[in-house]
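To find a chain, count down the sequence lines: A is the first, B the second, and so on, and within it residues start at 1.
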There are 2 protein chains.
Amino acid sequence: MTEEPQVRKRDAAATRAALLDAAAALFAERGFDRTTVRDIAKLAGANQALLFRYFGSKDALFEEVLARGGREQIATTPPDELLGTALRSMLESDTGRDRTLDAYLRSTGHDSAAAAVRRQLGEEYAKVLATLTDAEDADLRADLILAWLLGIGLVRDITGKEPLASADPDDVCRLVLGAARTLLERSG
Amino acid sequence: MTEEPQVRKRDAAATRAALLDAAAALFAERGFDRTTVRDIAKLAGANQALLFRYFGSKDALFEEVLARGGREQIATTPPDELLGTALRSMLESDTGRDRTLDAYLRSTGHDSAAAAVRRQLGEEYAKVLATLTDAEDADLRADLILAWLLGIGLVRDITGKEPLASADPDDVCRLVLGAARTLLERSG
DNA sequence: GCGGTTTGTAAGCAACTGCTTACAACGCTA
DNA sequence: TAGCGTTGTAAGCAGTTGCTTACAAACCGC
C-alpha cells in the first residue's frame, strides 16, 4: 500500500497514484480530520501543491480514496459469498489488506461530499446482501447485516476491544454467519 | 439538552453545566474534531476562557461528556432488559433523547484520553451482556452483540441509510432480538 | 536547438485552532 | 464599607490548516 521512495522523474500518473496510496493509508490510520495534506504529500514523496493540482481539494481526494477501495471487493465477489468474504477480510489482520473500511469508520464525523460516497457504498453492499433472502423486508434485513459488519469493524479495529479484537476469525465467522442465517432465513 | 438563554449572573455550577450540555450537543452533531471550543462556549452563552478554567482542555471536556452520558443507561437498566432497552433507545428518534452514542460514533478518529473512556464504556456494556448467556465464549458473543448495537447506530444515525434509518423500531427489535437470541442461546 | 506545454518546487497567505493572560465586575465576609 | 476571592471578559499568541501563486526544470514536437 505504501510506495517505495524511489525517485520518479516527471511521471504525473505515478505521482498521482502515490498520493492516492499515501492518502488511503493515512486516512485509514487517523481519519479525515486528523490527516493533513502536508503529511500525505510527504508520505507520497511529492509536493503538496501537486495534490491540489491532481485532485482539486482534500475532500475530493478523500472521496476518490473511498470510492476506489470500496468497490473492489464488491465487484470481485459472488453475492452468496459476499457476507463471508467481507467478514473474513475484515477479521484477518493481513498487513497488506485493504484498509478502506478503516478510513470509512474513522471519518464518520466528516460530512460533505464523502457522505454521499459512504451512503452509495452502503447501498451497493446492501443491495447484494438483500438477494440472500426472499423475505418481504429483505432490504431491512440486509441493512442489519451491513450494520453488523460495520459494527464488528468498529469494535475490532477502532476500539480494539477484547476479546473480539484478537478473536479467531473462524470462531467469529461461525457465530456471526450462524445468527445471520437465522435472520435471513426466517420469513417471520 | 440545550439550555435556555436566560441570563445567569455569576453561577459557576450553572455555567459549567451549560458548557457540558452544549459540548454534548455539538460533539454528537459534528464529532470531536469539527467542534470548536468557540462554538461550544457560544452555544452555552459563556466565555471560552471559562471552558478551560472548568475542564482544563477540550480533550478532558470530551471525556467528561462521554463518561456522563454513557453510564446513565447502564446503571438504570436490569441486565436482561439492557439489550432491548439500549436497542430501543437508539431506535426511537425522540428529540430529547440522549445523543451520547452519536458523539461516540462521530469521534472514532479521535484517540487520546477519550479512547480509554470509549473502551471502558464498551467493557461495561459487554460485561452486562455477557451475563445473558452461559456459553463458554460468552465474552466474545457479548462483543458481537455490542458491535451490532453500535453498527445499527452507525448506519441509522450517521450514514442515514434507508430503509433502516426510518424503519419501525418494533420491526427492527423483533429481527435483531430474534437473531441475537440464537447467538446467545446456542452453546455450539 | 527552440517554443510551448507539462511536471515539480518554494514560499506564503489568510483563516482558524486550542489555549493563555491580564484585567474588570461581582458578591460574600468581616 | 473595605478587602478579597470568585466569576466573567477581551484580546492575543503561537502553531496549524487548506489552498494559491510565482517560478524553475524537464519533456516533446518541430
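Phosphate proximity of C:dT6 to A:Tyr54: absent, as no side-chain N or O sits under 4.0 Å from OP1 or OP2.
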Which atoms of nucleotides 4-6 of chain D (N or O only) lie under 3.5 Å from a protein N or O atom, and what are those distances?
{"unit_1": "D:dT6", "atom_1": "O2", "unit_2": "B:Arg10", "atom_2": "NH2", "d": "2.0"}

Using nucleotides 17-20 of chain C, report all nitrogen or oxygen pairs with the protein that are shorter than 3.5 Å.
{"unit_1": "C:dG18", "atom_1": "OP1", "unit_2": "B:Thr35", "atom_2": "O", "d": "3.4"}
{"unit_1": "C:dG18", "atom_1": "OP1", "unit_2": "B:Lys58", "atom_2": "NZ", "d": "2.7"}
{"unit_1": "C:dG18", "atom_1": "OP2", "unit_2": "B:Val37", "atom_2": "N", "d": "3.2"}
{"unit_1": "C:dG18", "atom_1": "N7", "unit_2": "B:Arg38", "atom_2": "NH1", "d": "3.0"}
{"unit_1": "C:dG18", "atom_1": "O6", "unit_2": "B:Arg38", "atom_2": "NH2", "d": "3.0"}
{"unit_1": "C:dC19", "atom_1": "OP2", "unit_2": "B:Lys58", "atom_2": "N", "d": "2.8"}
{"unit_1": "C:dC19", "atom_1": "N4", "unit_2": "B:Gln48", "atom_2": "OE1", "d": "3.0"}
{"unit_1": "C:dC19", "atom_1": "N4", "unit_2": "B:Gln48", "atom_2": "NE2", "d": "3.0"}

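Rounded to whole Å, atom P of D:dT17 lies 12 Å from atom CG of A:Leu26. Here the C1' atom of nucleotide C:dC16 and the CZ atom of B:Arg30 are 14 Å apart, to the nearest Å. To the nearest angstrom, P of C:dA24 lies 17 Å from CG of B:Leu50. Between the CG atom of B:Asp11 and the C1' atom of C:dA25 there is a distance of 16 Å, rounded to whole Å.
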Please walk me through it: do B:Arg88 and B:Glu92 pass salt bridge (charged side-chain N to carboxylate O under 4.0 Å, His left out)?
-> CA-CA 6 Å; B:Arg88 280 215 164 268; B:Glu92 267 145 28; 3.4 Å; yes
Verdict with supporting geometry, B:Leu150 and B:Leu101, side-chain contact (heavy atoms from CB on, under 4.5 Å) | CA-CA 8 Å; B:Leu150 293 176; B:Leu101 179 70; 3.5 Å; yes
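Side-chain atoms of A:Arg38 and A:Lys42, non-hydrogen and from C-beta on, never get closer than 4.5 Å to each other.
Among residues at least two apart or in separate chains, salt bridge (Lys or Arg N to Asp or Glu O under 4.0 Å) pairs with a member in residues 143-155 of chain B are A:Lys161-B:Asp143.
With hydrogens and angles left out, the side-chain atoms of B:Thr108 and A:Thr108 include a donor and acceptor closer than 3.5 Å.
In this pair, B:Phe27 and B:Phe32 present their aromatic rings parallel. The plane angle is below 30°, not in the 30 to 60° band.
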